Amino acid sequence: MMAFQGCTPSMQSSRPWLTPFQGRQCSRAAQRGTLVITASKAVTHKKQVILLKDVRGLGKQGELCEAPVGYVRNYLIPQRQASPASPAILARLQSERDAEAKRAQEVLGKARALALALSTIGKFVIRKKVGTSGQLFGSVTTADVVAVIEQQTGRSLDKRAVNLPEIAALGSYPVSIRLHPDVVGEFQLVIQKDTSA
């Protein structure tokens, strides 16, 4: 709201943007054009940005966050650590999040399907050479387990995800494999005597 200081109500009628003052004539300063400006809304002190890199204390790459206007203008944008959030960028960010969620659901579905296949098959057989006392020659490794699973299911797995108990003799052993952070496949591993010469 703008007003000349010291203007009379009669002057206000010809100029509606002027505020009335109680019967005083305009001062010399008012006649020269001195303005009094009053803000009608609060100034925003934060600005929405999308982070292009991880910023300590603010967020990770790709996140939408609010930061002080000066910090954004003087540091984040010149250092190419953030970009201002516009409706087009927000829509693109939302579509990327939706696509990422869809990919995560697909990966989870595949992991659950493989866990179901492993439990349906139930047991995998590995043949090893055995001494006269029943002790195994060599050891059964996670690479052996992964190779047997790949041979029967056609899916290659990470050998570091296999949880294998200590195997020193013939028999059946429970084995678990982490297929996804939320999915664990379980099956029996049967160690049999290799009769091939």
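These numbers were taken from a predicted model, which means no experiment stands behind them. All values below were derived from every heavy atom in this structure, side-chain atoms included, with hydrogens, water molecules and symmetry-related copies excluded.
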Do the side chains of [X] and [Y] join up, straight or via other hydrophobic residues, at under 4.5 Å, putting them in one cluster?
X      : Y      : value
Leu164 : Val148 : yes
Phe187 : Leu170 : yes
Leu136 : Leu189 : yes
Val190 : Phe124 : no
Val55  : Ile77  : yes

About how many Å separate [atom2] of [Y] and [atom1] of [X], when rounded to the nearest 0.5 Å?
X      : Y      : atom1 : atom2 : answer
Gln105 : Arg103 : CD    : CZ    : 12.5 Å
Ile121 : Gln152 : CD1   : CD    : 5.5 Å
Arg127 : Thr195 : CZ    : OG1   : 6.5 Å
Ile89  : Gln94  : CD1   : CD    : 14.5 Å
Leu51  : Leu76  : CG    : CG    : 7.0 Å
Ile50  : Ser86  : CD1   : OG    : 7.0 Å

| query | Is the shortest distance from a Lys or Arg side-chain nitrogen in Arg97 or Glu100 to a carboxylate oxygen in the other one below 4.0 Å? | reply | no
| message | Could you walk me through whether Tyr75 and Gln81 satisfy the side chain to side chain contact (heavy atoms under 4.5 Å, CB included) test, starting with their C-alpha distance in whole Å, then the side-chain angles of each, then the deciding distance to 0.1 Å, before giving a yes or no? | response | CA-CA 8 Å; Tyr75 182 75; Gln81 293 185 355; 3.5 Å; yes
Closest non-hydrogen atom pair, [X] against [Y]:
X      : Y      : answer
Ala115 : Val183 : CB-CG1, 3.7 Å
Ser172 : Gln188 : OG-OE1, 2.8 Å
Leu90  : Ala85  : CD2-CB, 4.0 Å
Gln135 : Ala168 : OE1-O, 3.0 Å
Val146 : Lys159 : CG2-CA, 3.6 Å

| query | Taking atom types as modelled, is there a side-chain donor on Thr141 or Asp144 under 3.5 Å from an acceptor on the other? | reply | yes
| said: Just to verify, which of Asn163, Ile177, Val175, Val162 counts as forming a side-chain contact (heavy atoms from CB on, under 4.5 Å) with Thr142? | reply: Val162
| query | Below 4.5 Å, heavy atoms only, C-beta onward: do Lys53 and Gln61 meet side chain to side chain? | reply | no
| request: Apply the test side chain to side chain contact (heavy atoms under 4.5 Å, CB included) to residues Val130 and Asp194: give CA-CA distance (whole Å), side-chain angles for both, the deciding distance (0.1 Å), then the verdict. | output: CA-CA 7 Å; Val130 181; Asp194 187 6; over 6 Å; no
| said: Could you go through Arg92 and Glu96, starting from their C-alpha distance and side-chain angles, then the distance that decides it, and tell me whether this counts as salt bridge (charged side-chain N to carboxylate O under 4.0 Å, His left out)? | reply: CA-CA 6 Å; Arg92 182 177 54 87; Glu96 287 175 3; 3.1 Å; yes
| field | Any residue meeting salt bridge (charged side-chain N to carboxylate O under 4.0 Å, His left out) with Asp158, in chain and number order, not counting sequence neighbours | value | Arg160
| said: With a 3.5 Å distance limit and no angle check, can you tell me whether Lys128 reaches the backbone of Phe137 through a side-chain donor-acceptor pair? | reply: no
| request: Report the C-alpha distance between Cys65 and Val49 in whole Å, list the side-chain angles of each, state the deciding distance to 0.1 Å, and finish with yes or no for side chain to side chain contact (heavy atoms under 4.5 Å, CB included). | output: CA-CA 6 Å; Cys65 62; Val49 292; 4.0 Å; yes
| field | Derivation of the side chain to side chain contact (heavy atoms under 4.5 Å, CB included) call for Tyr173 and Val145 | value | CA-CA 12 Å; Tyr173 299 91; Val145 175; over 6 Å; no
